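Heads up, the thing below is written out as structure tokens.
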Amino acid sequence: MNSQLAKIFLEIAEYLAMDNIPFKPAAYEKAARGIESLKKDIEDIYREEGLDGLEKIPGVGKSIAEKIEEYIRTGKIKYYQELKKEYPVSLLELSSVEGLGPKHIKTLYDKLEIKDLADLEKAAREGEIEKLPRFGKKVQENILRGIEFVKAGQGRMLLGSALPLSEKIKQRLEGREEAEKVEVAGSLRRMKETVGDLDILAVSGKPEKLMEYFCSMPEVEAVLAKGETKSSVRLVQGLDADLRIVSAESYGSALQYFTGSKDHGIKLRRIAQEKGLKLNEYGIFKGEKQIAGQSEEEVYETLGLKYINPEIREDAGEIEASRNNKLPKLVNYDEIKGDLQMHSTWSDGSASIREMAQAAKKIGYEYIAITDHIGKLKIAGALDEQEVLGQWNEIDKLNKELDGIKIFKGAEADLDEKGRPEFSEEFLSKFDLVLGSIHSKFRMAKDDMTQRLINALENPLINIIAHPTGRIIGRREAISLDIEKVIEAAKENKKILEINCYPDRLDLKDQHIRIAVEKGVRLSLGTDSHSPDQLPYLKFGLAQARRGWAERKDIVNCLNLGELKKVLTN
DNA sequence: GCCGTTTTCGGCCCGACTGTTTTCAGTCG
């Protein structure tokens with residue numbers, strides 16, 4: 001419901017922009033972003049708090065709240081349908097083509113009756129588009145290229161894939177003598193779970209040379225735009241990358257500007273205005289004079305703010321917290337002492353327990369939990385009781401033999417439709433820690449599913465709920481769940497919720513983490529590694545934790561061995 | 001249409017690049 005509504009409002013924004021109506025498009029876009037980043041189902045908000053609740057959503061006022069109400073009640077929004085009637089075009093589909101905006105789309109419809117991607121492609125191939133006023137041959141070619149890109153289904157890339165790619169490009173640029181400084185900005189620096197493109201910032205005394213190199217890197221498939229300070233390329237990996245070059249005195253303000261988020265930046269510039277200053281990517285200006293901009297710290301300080309970590313720059317209260325000196329002290333990577341979910345060859349992993357433990361020790365961990373699947377279900381080579389005994393035997397031996405790393409006897413127990421672990425209670429009580437997780441019956445009704453997890457949380461034999469919402473980014477929807485009730489149940493039963501670090505899971509996600517943190521529910525980080533090379537996935541889960549405002553005290557992996565044992569036996 | 005340490009009206013972030021034009025509209029982030 002949330003993303004459906006967000007899409008409708010984005011489309012309304014496009015319609016209004018087509019007619020050159022000022023300011024309203026930005027208002028609808030902001031409302032769409034506000035709805036998209038909600039922590040709760042918008043239907044629940046409406047049911048519990050009515051129109052007043054809706055108006056509390058950032059960017060939503062009286063008029064849009066009423067439209068949301070109308071949609072929840074009738075499944076339709078009259079205003080939207082009238083716009084749609086006037087211009088029966090697939091707006092979001094068309095505007096997903098790079099370089100195609102509302103004005104062009106209007107012209108294309110008015111002159112050529114182009115309604116969707118198929119119409120667009122046909123007209124472009126037949127050479128109709130270049131004949132239009134203010135269009136030309138190049139526009140037509142760009143449209144055809146853009147259509148290819150959309151059709152290739154290239155959308156956002158997982159953080160887990162984009163981060164290594166950006167590192168590689170960063171290293172390439174850093175290897176050039178004309179590059180004085182290179183940094184990856186954008187949503188990647190904010191460590192969002194997926195990124196739409198790579199934003200790279202550089203300081204250089206010879207920008208032309210660096211631009212030239214950037215546009216000719218082996219990863220570049222096509223150059224979309226090339227200028228003195230800004231270029232844009234399409235990478236063979238199916239992602240766009242932008243390079244912006246600024247001078248050293250503008251580095252901080254440029255980094256701030258290109259890191260975003262959009263709403264965070266807008267609010268900062270408003271604050272600058274209120275102080276009679278101007279903030280842009282080149283610095284903070286008092287009249288013509290630059291008074292800050294070398295470093296991000298300086299930019300925030302000049303605006304009367306404490307430095308804000310990139311992960312929480314979402315205009316979700318961080319600016320107010322910064323002003324009042326109430327920012328969280330975000331959990332750091334060097335505070336992590338172990339990994340609490342991984343698999344071995346005993347179930348579906350590809351490495352032995354010894355190999356996993358040795359790799360973990362090399363990272364510097366104090367402990368790991370081996371959490372192979374157990375139970376009757378044949379998923380992922382689940383162990384039966386006899387096999388569990390064998391595994392414990394091996395873990396006991398390794399714990400005696402290996403110094404400096406403790407291996408916990410863990411298990412990932414499948415939860416049935418009532419939230420019961422499918423394994424004997426006698427055995428479960430002997431594990432050091434038990435993860436309960438859902439691997440089947442993903443489509444239960446919301447109330448039943450919520451109760452399923454609450455039951456599991458009330459079970460004294462279960463310590464942690466693993467990947468609580470079951471989503472797989474880009475492939476599987478999260479289970480239908482009242483997340484607040486689940487978090488509440490975790491609190492009441494003093495249980496732990498997992499942040500699964502696997503790049504396509506990241507579950508709980510940032511917004512859920514923030515609710516858990518606010519309620520004081522403890523969280524665990526588990527990579528769900530199936531081989532040693534996956535242990536570094538921890539940083540992706542940690543990034544989500546930071547995006548959810550988690551501090552050291554919120555993450556059980558920050559406890560030392562003794563402290564953690566105590567928590568697990570409670 | 002939204003919003004308020006200039007509050008219920010009058011503002012609304014800011015600049016680079018492209019392509020089609022001879023000064024700028026459109027798009028993007």
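Reminder, nothing fancy here: chain letters follow the sequence lines and each chain counts from 1. A quick note: this is a predicted structure, and the numbers were derived from the prediction, not measured.
- Using a 4.0 Å cut-off, no side-chain N or O of A/Arg134 falls inside it from OP1 or OP2 of B/dA25.
- Dashed line: the shortest gap from a side-chain N or O of A/Lys278 to OP1 or OP2 of B/dG15 is under 4.0 Å.
- When the C1' atom is compared between B/dC13 and B/dC3, the two are found 15 Å apart, to the nearest whole Å.
- Phosphate contact (OP1/OP2 of B/dG11, side-chain N/O of A/Gln273, threshold under 4.0 Å): absent.
- Only the P atoms considered, B/dC17 is 38 Å distant from B/dG10, to the nearest whole Å.
- For the contact set between residues 76-85 of chain A and DNA chain B, defined by any heavy atom under 4.0 Å, there are no members.
- Looking at A/Tyr257, its side chain comes within 3.5 Å of the base of B/dG29 through a donor and an acceptor atom.
- Within the 4.0 angstrom heavy-atom criterion, no nucleotide atom of any strand lies near A/Pro22.
- Spacing between atom CG of A/Leu16 and atom C1' of B/dG26 amounts to 17 Å, rounded to whole angstrom units.
- In this structure, the nucleotide among B/dC13, B/dC2, B/dT27 sitting nearest to the side chain of A/Arg270 is B/dC13.
- Atom CD in A/Glu29 sits roughly 12 Å away from atom C1' in B/dT27 (whole-Å rounding).
- The side chain of A/Glu281 approaches B/dG15 more closely than any other nucleotide in the set B/dC17, B/dC28, B/dG15.
- Mapping A/Lys230 and A/Phe135 onto DNA chain B by nearest heavy atom places A/Lys230 at the nucleotide closer to the 5' end.
- A salt bridge links A/Glu126 to A/Lys122: one of the charged nitrogens lies within less than 4.0 Å of a carboxylate oxygen.
- Between A/Ser63 and B/dG1 there is a side-chain N or O to OP1 or OP2 distance below 4.0 Å.
- On the C1' atoms, B/dG26 is 11 Å away from B/dT20, given to the nearest whole Å.
- Nucleotides of DNA chain B nearest to A/His104 and A/Ser231 differ in position, and the one nearer the 5' end is that of A/Ser231.
- Considering only side-chain atoms of A/Val139, the nucleotide from B/dC12, B/dC28, B/dG19 that sits closest is B/dG19.
- Rounded to the nearest Å, the gap between the P atom of B/dT21 and that of B/dG15 is 28 Å.
- Residue A/Asn280 places no side-chain N or O under 4.0 Å from the OP1 or OP2 atom of B/dC13.
- Between A/Tyr282 and B/dA16 there is a side-chain polar atom (N or O) within less than 4.0 angstrom of OP1 or OP2.
- Pair assignment for B/dT8: none, as no Watson-Crick or G-U wobble contacts are both less than 3.5 Å.
- Nucleotide B/dC14 holds its C1' atom 10 Å from the CD1 atom of A/Ile266, rounded to whole Å.
- Aromatic rings of A/Tyr502 and A/His467 (six-membered ring for Trp) have centroids beyond the 6.0 Å cut-off, not under it.
- A cation-pi geometry, defined here as NZ or CZ lying under 6.0 Å from the six-membered ring centre and within 45° of its normal, holds between A/Lys67 and A/Tyr79.
- The aromatic rings of A/Tyr28 and A/Phe9 sit tilted, their planes meeting at an angle between 30° and 60°.
- The phosphate of B/dC28 (OP1 or OP2) has no side-chain N or O of A/Ser232 nearer than 4.0 angstrom.
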